[in-house]
Each structure stands twice: as structure tokens, then as C-alpha cells.
Amino acid sequence: MTTSFSADKQLVRSGSVVAVVAILLAALNLRLAVTSVGPVLAEIRAGLGMSGTVAGLLTSLPVVCFASVGFAAPRLARRFGAATVIAAGLAVLTLGLIIRAYAPSTVLFVLFSAVALAGIAVVNVLLPMIVKERFADRAGMLTGLYSLSLNLGAAGAAAATVPLTAALHDDWRLGLAAWALLAVLAVPPWLALRSPPPGSASPGGATPTRHLRVIREPVAWALAVYFGMQSTSAYVIIGWLPQIFRDAGLTPSTAGVLFAVTSFLGVPLGFLVTSYAGRVRSQSLIALALGVAGIAGYAGLWFDPAAAPWVCAVLLGIGNCAFPLVLTMITLRGRTPATVVRLSAFGQGVGYLMAIPGPILVGVLHDATGGWRVPLALMVALMIPQIIGGVQAGRDRQV
């Protein structure tokens with residue numbers, strides 16, 4: 001307790017309170033546009049006449065947007081300053097959330113979902129830069145805090161959208177639009193942190209260098225592989241884990257609780273992992289341990305999802321802590337904030353591109369084989385490059 005309090009005081013001293021609040025509020029919004037849709041997807045489809053194909057597109061849309069738009073973040077930060085771009089990204093997210101909720105057609109709903117996700121994409125890439133810039137000596141702790149905030153936002157939207165919609169006279173449009181309020185609250189702190197004109201050395205004004213070519217750096221590729229493989233695993237779990245448990249004979253409610261365990265476990269564990277990762281020189285062993293947990297979880301499902309479902313859910317929840325770990329490693333591997341944003345854009349952009357086929361391929365293999373053993377064997381196999389990428393990315397070195 002004393003150690004935690006001391007660390008918190010040091011964190012406040014190392015940067016402004018406004019910056020901490022800004023980072024945590026931004027992180028709270030980074031998955032709301034994604035996780036708020038699933039719980040009311042049936043109502044959305046009925047209200048818009050949405051086909052199953054388009055509904056399937058919505059599940060892959062976040063990865064596509066994060067991969068494509070994220071690459072533009074360093075260029076925007078060079079021109080306008082990182083804090084200004086983050087404020088604009090949150091404003092775009094707000095508009096996307098509101099307009100898509102009242103879109104009169106499927107096409108417009110998908111279009112403005114993409115707009116909201118585009119706002120998230122630039123914030124995704126630039127937050128590690130802000131952490132490095134303002135909290136270099138507490139990067140692990142701050143990354144842990146904003147990962148915790150991100151997970152709380154994601155899980156909260158998934159859990160609260162249905163009761164929120166019910167409280168709003170069963171109007172799914174109001175239920176979705178209500179989440180824009182959190183995005184609005186996140187904008188003012190970033191406006192307060194707006195940087196001076198590009199080129200200034202003051203906080204929030206660091207600009208990514210044009211000359212660094214991270215594509216030539218082995219650590220950048222290691223980060224991209226690790227990010228891509230952990231994203232593949234995360235989106236397979238989000239898209240298919242409840243169905244795997246249901247097909248094994250578990251009730252829908254039990255399958256839902258097991259999925260919730262996997263999701264919520266990342267909230268405390270992610271904070272602990274990143275806090276520890278920021279205090280050690282190498283994160284390779286942490287990446288190895290999380291990969292082994294993922295292998296064990298998928299192997300347990302392959303053997304029999306109904307044999308030890310709670311154990312499998314916990315193991316996969318531990319494995320999912322690879323996401324906050326890779327965010328921490330991106331922050332630690334860059335020597336300067338300018339380098340961090342280039343690593344973040346490359347690692348997340350290339351990583352999300354790698355992740356696009358995974359959830360789709362799992363569904364194709366399931367349909368082709370009539371079961372889950374082949375898809376789960378694939379997931380066990382994909383944990384190997386994840387471990388290799390994580391071990392390489394976790395080595396004590398900087399770009």
C-alpha cells in the first residue's frame with residue numbers, strides 16, 4: 001500500500017495531472033465504438049435491414065481502420081502537434097458515434113462507424129508518444145493505467161449497452177449515441193494540452209522526425225509481429241470464444257460468463273504486467289510467459305472446451321495481457337517521443353494488417369471441418385510466432 005502510494009506521488013510529480021486525466025479519458029474511449037455494437041446487433045440489423053454479410057463486415061472493420069488510418073498519425077503529428085491531433089481524433093470519434101446511431105441506412109451506419117474508428121486509430125498510435133514524452137520514468141505504470149482504462153471502457157460498453165438501451169425506452173439508437181458523452185468529456189483536457197507550433201521543444205510539441213526509417217529496424221518488425229499475433233488472438237477470442245463454449249454443450253449464459261472472465265481478467269492483470277514490465281530492462285520473459293499461457297488455454301479448448309472451461313478462460317485472459325505489454329514495449333523501445341510514435345504507427349499498422357485474416361480464417365476452417373479442432377490447432381501454432389516476436393521485441397535495446 002505504501003509502495004503504491006509512493007509510486008502514485010512520483011507519477012504526479014513526473015508530469016501534469018491534466019496529462020494523466022487526458023490520457024486516461026482518451027483510453028476509456030478507445031474501444032467503445034467496437035464493443036457497444038455487438039450487444040444490440042440484432043436490433044441494429046432489424047432496424048436497418050442489415051444483411052448477415054454486412055454484419056460480418058462490422059466485425060472486421062475495426063482492424064481494417066486501425067491498420068489503414070494509423071499510418072497517417074505521425075504525419076499529422078508533425079504538422080499539427082500530437083495533442084492537437086488527439087483532440088481532433090476524439091472529436092471525430094464523437095461525431096461518428098452520434099451520426100452513425102441515427103444513420104437511416106446500412107451504408108451510412110457502416111460509413112460513420114468507419115469515421116468513429118478513424119478517430120480512434122490516430123489516438124491509438126499517438127498515446128504511447130505522449131506517455132514517453134511526459135512520463136518517461138514511469139512509462140510502464142502509465143501504460144498500465146491507460147490499458148486498465150481502455151479495458152474498463154471496452155468491458156463497460158459491452159456490459160452496459162443493453163441495460164442502457166432498455167432504460168432509454170428500448171431505443172437502440174439512443175443506447176449507442178449515449179456513448180458519445182464519454183468521447184465529449186475526453187476532448188477538453190487535450191485542448192488544454194495543445195502544443196505550440198510544430199518544432200517547439202515544449203511538452204506535447206515533440207514532432208516525429210521525417211528521417212527515421214523504422215522499416216529497417218529489426219525491433220520494429222518484432223513489435224509488428226507481436227502486435228499482429230496478439231491482435232489475431234484477441235479478435236478470435238472476441239468473435240468466437242462464446243460460440244466454442246456453446247458448441248461444447250455449455251449454456252449461453254455460462255458461455256457469456258466465461259467470456260466475461262477472459263475479458264475482465266485483463267483489467268487488473270494488464271496493470272500489474274505493464275507496471276512490472278516498465279521496471280525491468282528486458283520484457284522477453286514476460287512475453288514468453290504470456291505466450292505459454294495462451295498456448296495452454298487454446299490447447300485446453302482443443303482437448304475439450306467443456307472439460308475445464310474456467311481454467312481455459314483464465315489462461316486466455318492471462319494471454320490477452322500481451323496487448324498492454326506490447327504498448328509498454330513500444331514506449332520503451334523508442335529513445336525519444338518522436339521515435340516512439342514512428343514505432344507505434346509501424347507496429348500497430350503492420351500488426352493490424354497481419355491480424356485481418358485470422359478471425360475470418362478461423363470461421364472458414366470451422367465451416368470446412370464442421371468443428372473447432374482445426375481452428376484451435378491453428379491458434380496454438382500462431383502463438384509460436386507471437387512468442388518469438390515478443391521475445392525479440394522485449395530485448396533491452398532502443399531505436
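- Across Ile387 and Val292, no two heavy atoms sit closer than the pair CD1-N, 4.1 Å.
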Set out, in order, the CA-CA distance, both residues' side-chain angles and the distance that settles side-chain contact (heavy atoms from CB on, under 4.5 Å) for Val115 and Arg100, then state yes or no.
CA-CA 9 Å; Val115 169; Arg100 81 164 181 186; over 6 Å; no
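- Applying the ring pair (Phe, Tyr, Trp, His ring centres under 6.0 Å) test to every pair with at least one member in residues 251-299, sequence neighbours left out, gives no pairs at all.
- The same ILVMFWY cluster, assembled from side-chain heavy atoms under 4.5 Å apart, contains both Val257 and Val267.
- Side-chain atoms of Asp171 and Thr165, non-hydrogen and from C-beta on, never get closer than 4.5 Å to each other.
- Nearest heavy-atom pair across Ala220 and Leu343 is CB-CD2, 3.8 Å.
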Without placing hydrogens or testing angles, list every side-chain donor-acceptor pair under 3.5 Å for residues 316-333, not counting sequence neighbours.
from   : atom 1 : to     : atom 2 : distance (Å)
Thr328 : OG1    : Pro324 : O      : 3.0
Thr331 : OG1    : Leu327 : O      : 3.1
Arg333 : NE     : Arg395 : O      : 3.4
Arg333 : NE     : Arg397 : O      : 2.9
Arg333 : NH1    : Gln283 : OE1    : 2.8
Arg333 : NH1    : Ala393 : O      : 2.9
Arg333 : NH2    : Gln283 : OE1    : 3.3

Enumerate donor-acceptor pairs with a distance under 3.5 Å from any side-chain N or O in residues 352-361 to protein atoms, sequence neighbours excluded.
from   : atom 1 : to    : atom 2 : distance (Å)
Tyr352 : OH     : Arg31 : NH2    : 3.3

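- The main-chain N or O of Met229 is never found under 3.5 Å from a side-chain atom of Ser233 such that the two would form a donor-acceptor pair.
- Checking side-chain atoms of Gln243 against main-chain N and O of Trp240 turns up no donor-acceptor pair under 3.5 Å.
- Atoms CE and CZ, from Met50 and Arg45 in turn, are 8.0 Å apart once rounded to the nearest 0.5 Å.
- Residues Leu250 and Pro309 meet the side-chain proximity criterion, which asks for heavy atoms closer than 4.5 Å.
- Closest non-hydrogen pair, Pro375 versus Leu365, comes out as CG-CB, 3.8 Å.
- Taking the salt bridge (Lys or Arg N to Asp or Glu O under 4.0 Å) definition, one finds that Arg281 meets it with Asp396, sequence neighbours left out.
- Considering only heavy atoms from C-beta on, Thr262 stays 4.5 Å or farther from Leu258 through its side chain.
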Walk me through it: do Ser344 and Leu126 pass the test side-chain contact (heavy atoms from CB on, under 4.5 Å)?
CA-CA 7 Å; Ser344 181; Leu126 294 178; over 6 Å; no
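- In this structure, the separation between CG on Leu90 and CD1 on Ile120 is 9.0 Å, given to the nearest 0.5 Å.
- Applying the ring-ring contact (aromatic ring centres under 6.0 Å, His included) criterion to Tyr226, with sequence neighbours excluded, gives no partner residue.
- Judged as a ring-ring contact (aromatic ring centres under 6.0 Å, His included), and not counting sequence neighbours, the contacts of Phe346 are Trp221.
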Please determine whether side-chain contact (heavy atoms from CB on, under 4.5 Å) holds for the pair Ile384 and Ile295, giving the CA-CA distance in whole Å, both sets of side-chain angles, and the decisive distance to 0.1 Å.
CA-CA 9 Å; Ile384 303 303; Ile295 288 175; 4.0 Å; yes
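- In this structure, the separation between CE on Met383 and OG1 on Thr232 is 10.5 Å, given to the nearest 0.5 Å.
- With contacts defined as side-chain heavy-atom distances shorter than 4.5 Å, the pair Val225/Gln386 does not qualify.
- Note on Leu378: it clusters hydrophobically with Phe303, by side-chain heavy-atom contacts below 4.5 Å among ILVMFWY residues.
- The neighbour count for Leu181 CG, taken as heavy atoms of other residues, nucleotides or ligands under 6.0 Å away, is above 12.
- The backbone N or O of Ala139 lies less than 3.5 Å from no partner atom in the side chain of Lys132, so there is not a single donor-acceptor pair.
- Hydrophobic clustering, with ILVMFWY side chains joined whenever heavy atoms are under 4.5 angstrom apart, groups Val380 together with Phe245.
- Considering every non-hydrogen atom in both Trp179 and Ala157, the closest pair reads CZ2-CA, 3.6 Å.
- With sequence neighbours left out, Ala91 forms a side chain to side chain contact (heavy atoms under 4.5 Å, CB included) with no residue at all.
- Note: the hydrophobic cluster containing Val364 does not contain Val374 (ILVMFWY, side chain heavy atoms under 4.5 Å, direct or indirect links).
- With a 4.5 Å cut-off on side-chain heavy atoms, Glu133 and Val341 do not count as touching.
- Residues meeting the side chain to side chain contact (heavy atoms under 4.5 Å, CB included) test with Ala103, sequence neighbours left out: Leu108, Phe109.
- Separating the CG atom in Leu30 from the CG atom in Leu117 is a distance of 11.0 Å, to the nearest 0.5 Å.
- A donor-acceptor contact shorter than 3.5 Å links the side chain of Gln348 to the backbone of Asn124.
- The closest side-chain heavy-atom distance from Phe135 to Val20 is below 4.5 Å.
- Distance alone, capped at 3.5 Å, is enough to place a donor-acceptor pair between the Arg173 side chain and the Ala101 backbone.
- For the side-chain contact (heavy atoms from CB on, under 4.5 Å) test with Val37, the passing option among Thr35, Val34, Val40, Leu41 is Leu41; the others fail.
- Leu182 and Leu174 end up in the same hydrophobic cluster when Ile, Leu, Val, Met, Phe, Trp and Tyr side chains are linked at under 4.5 Å.
- For Trp302, there are no ring-ring contact (aromatic ring centres under 6.0 Å, His included) partners, not counting sequence neighbours.
- When all heavy atoms are compared, the tightest approach of Leu25 to Pro189 is CD1-CG, 4.0 Å.
- Under the side chain to side chain contact (heavy atoms under 4.5 Å, CB included) criterion, Ala87 pairs with Trp190, Leu191, sequence neighbours left out.
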Could you tabulate the donor-acceptor pairs under 3.5 Å formed by side-chain atoms of residues 63-71, not counting sequence neighbours?
from  : atom 1 : to    : atom 2 : distance (Å)
Ser68 : OG     : Val64 : O      : 2.9
Ser68 : OG     : Cys65 : O      : 3.4

Could you go step by step and tell me if Leu97 and Leu176 meet the side-chain contact (heavy atoms from CB on, under 4.5 Å) rule?
CA-CA 7 Å; Leu97 289 174; Leu176 285 183; over 6 Å; no
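- In the displayed structure, Tyr102 atom OH is contacted under 6.0 Å by more than 12 heavy atoms of other residues, nucleotides or ligands.
- In this structure, Ala82 and Ile130 approach most closely via the heavy-atom pair CB-CD1, 3.9 Å.
- Applying the ring-ring contact (aromatic ring centres under 6.0 Å, His included) criterion to Tyr146, with sequence neighbours excluded, gives no partner residue.
- Taken to the nearest 0.5 Å, the CD1 atom of Ile23 stands 8.0 Å off from the CZ atom of Arg134.
- Distance check: Leu301 CG to Arg373 CZ gives 11.5 Å after rounding to the nearest 0.5 Å.
- With no hydrogens or angles considered, no side-chain donor-acceptor pair links Thr161 and Trp172 at under 3.5 Å.
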